[in-house]
**Q** 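Shown below is the structure under consideration.
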Number of protein chains: 2
Amino acid sequence: MSTETDATPQRIIEAAGEIFAAKGFEAATVREICTRAEANIAAVNYHFGDKQRLYIEAVKRAHHGRELLFPMPEWGPEVTAETKLADFILTLLKRMTSPDSGWEGELMSREIARPTEACAELARESIRPHFAVLNEILAELIPAADQLERHLTAFSIVGQCLHYKFADPVIRQLVSAEEYAGYHVELLAQHITDFSLRSLRARADNHKPPARR
Amino acid sequence: MSTETDATPQRIIEAAGEIFAAKGFEAATVREICTRAEANIAAVNYHFGDKQRLYIEAVKRAHHGRELLFPMPEWGPEVTAETKLADFILTLLKRMTSPDSGWEGELMSREIARPTEACAELARESIRPHFAVLNEILAELIPAADQLERHLTAFSIVGQCLHYKFADPVIRQLVSAEEYAGYHVELLAQHITDFSLRSLRARADNHKPPARR
DNA sequence: CTTGATTTCAAACATCTGTTTGATACAATC
DNA sequence: GATTGTATCAAACAGATGTTTGAAATCAAG
């Protein structure tokens with residue numbers, strides 16, 4: 001066996017990812033996971049120790065898969081900050097809401113909203129660098145802003161992206177089925193980029209906060 | 001007994017709300033709820049039928065409590081659309097992230113992210129009217145936008161607000177403790193309002209999407 | 001083939017879950 | 001005071017859960 005691509009541990013992680021993503025850690029059962037993986041019930045404890053460590057492996061694999069499939073681009077010095085921001089938004093959106101093999105995004109969103117103790121470090125360490133990248137971009141776009149404003153602005157941009165993952169069930173029921181079907185990643189990324197860039201440019205042109213009209 | 005404010009069903013709902021919010025439906029146990037409520041284990045089934053109906057009652061109560069505590073203001077005809085938007089953002093933020101009696105917001109955010117079949121209708125029917133209000137405000141602010149753009153813009157605004165609830169564990173680890181301590185509702189609402197209004201004004205002044213610089 | 005380690009399997013294990021039961025205590029009504 | 005309907009309680013129930021066990025099967029080398 002050993003190097004088979006469908007070795008038992010592989011199949012179990014695959015099945016575990018899907019079921020953990022769909023039901024959460026508590027509601028998912030080892031029996032269902034092993035049934036879908038066509039493995040014996042004892043396989044989880046034999047290969048992973050216990051259910052929790054299997055969960056951790058599934059989360060790691062989910063994050064790793066997303067990172068590989070949608071890497072953050074490396075920008076040369078000639079790339080404008082506005083283009084970088086557009087790339088950042090598109091990549092983030094793809095990672096969270098890409099339809100193919102959707103369980104990875106689902107599992108990651110679960111960990112972001114309620115991080116398991118075991119996965120807290122992983123989640124933090126994988127997100128912090130992206131947050132730093134976004135802050136560097138914002139430092140270029142709104143150099144007059146202090147750190148607090150940059151952080152809040154970063155959250156405003158990330159929040160727009162993650163909303164389509166976190167609030168997806170609600171969004172489905174607020175717009176028509178036809179409109180929802182047109183919510184492709186590129187369209188959403190374009191809107192978020194436009195919406196945010198308009199705000200950032202106005203902020204860059206006029207240092208004062210806008211007075212209420 | 002009868003009209004006591006701390007009658008058994010009341011105490012059970014109270015305890016259930018806290019524990020459901022902290023652990024989710026599956027992980028919360030009837031025994032822990034009854035222990036905290038200082039009630040017998042059979043009390044849940046006697047007063048509510050089963051665990052699921054208790055959960056539904058807790059969610060209803062959570063939403064009702066938020067609606068009462070932070071009602072959406074009724075605006076007269078003289079109120080500008082920009083002020084309405086500011087009020088809307090502040091109210092939404094208060095409902096989701098108000099620190100006092102925090103379990104209600106937590107429980108609602110759980111239902112938004114993964115609505116239970118039983119609560120799907122409630123969640124939808126309670127959110128739809130607010131979505132309609134926001135769309136009316138946006139119709140005043142960016143009259144040239146079509147329905148799709150209005151919807152996406154609404155999601156951009158709501159997404160910024162809900163981010164502080166959904167991604168709260170991550171946010172805590174991205175900024176310093178001192179900065180996080182300063183994230184009061186009013187500050188966040190002010191930032192989101194400023195950020196969004198800048199974008200909306202630019203959109204209103206110039207109908208074309210911004211070219212990438 | 002023989003040996004020795006690794007992997008699979010069915011069965012059982014102990015524990016915890018939501019729920020039910022039947023007796024008991026209590027309050028109001030006649 | 002007896003009666004009736006409601007509420008509480010300890011105990012038990014049936015089922016599902018994660019995990020363990022020990023034997024059987026499979027595989028890799030000597």
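Letters go in sequence order (proteins before strands), and every chain restarts at 1. A quick note: this is a predicted structure, and the numbers were derived from the prediction, not measured.
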**Q** Considering only C:dT19, D:dG18, C:dC9, which nucleotide approaches the side chain of A:Lys51 most closely?
**A** D:dG18
**Q** Would you tell me if any nitrogen or oxygen in the side chain of B:Thr8 comes within less than 4.0 Å of OP1 or OP2 on D:dT8?
**A** yes
**Q** Touch check for A:Ala27, heavy atoms < 4.0 angstrom, all strands: base, sugar-phosphate only, or nothing?
**A** nothing
**Q** Quick one: closest heavy-atom pair of A:Arg110 and A:Phe20, and the distance?
**A** NE-O, 3.6 Å
**Q** Mind listing the closest non-hydrogen atom pair of A:Cys119 and A:Glu111 along with its distance?
**A** CB-OE1, 3.0 Å
**Q** Report the distance from atom OH of A:Tyr46 to atom C1' of D:dG22, rounded to the nearest whole Å.
**A** 14 Å
**Q** Heavy atoms from C-beta onward define the side chain here; which of D:dT19, C:dC9, C:dT19 lies closest to that of A:Asn40?
**A** C:dC9
**Q** Rounded to whole Å, how long is the line connecting atom CD of A:Glu32 with atom P of D:dG18?
**A** 10 Å
**Q** Can you sort out the partners of A:Ile127 under side-chain contact (heavy atoms from CB on, under 4.5 Å), two or more places apart, ordered by chain and number?
**A** A:Ile112, B:Val170, B:Leu174
**Q** Specify the separation, in whole Å, of atom CD1 of B:Ile41 and atom C1' of D:dA10.
**A** 9 Å
**Q** Rounded to whole Å, please give me the gap between CD1 in A:Ile33 and C1' in D:dT19.
**A** 14 Å
**Q** Are A:Phe155 and B:His191, when compared by the centres of their aromatic rings, separated by less than 6.0 Å?
**A** no
**Q** In whole angstrom, give the distance that lies between atom CZ of A:Arg11 and atom C1' of C:dT8.
**A** 11 Å
**Q** Can you tell me the distance, in whole Å, between the CG atom of B:Asn45 and the C1' atom of D:dT8?
**A** 14 Å
**Q** Would you name the heavy atoms of B:Ala62 and B:Glu104 that are closest together and state the gap between them?
**A** CA-CG, 3.6 Å
**Q** What nucleotide among C:dT17, C:dC9, C:dT6 has an atom nearest to a side-chain atom of B:Thr29?
**A** C:dT17
**Q** Return the value, rounded to whole Å, for the distance between atom CD of B:Glu26 and atom C1' of D:dG18.
**A** 16 Å
**Q** Would you indicate, yes or no, if D:dT8 has its OP1 or OP2 atom less than 4.0 angstrom from a side-chain nitrogen or oxygen of B:His47?
**A** yes
**Q** If you check the B:Arg31 side chain, which of D:dT21, C:dT19, C:dA12 turns out closest?
**A** C:dT19
**Q** Can you check the B:Ile19 CD1 to C:dT17 C1' distance for me, whole Å?
**A** 15 Å
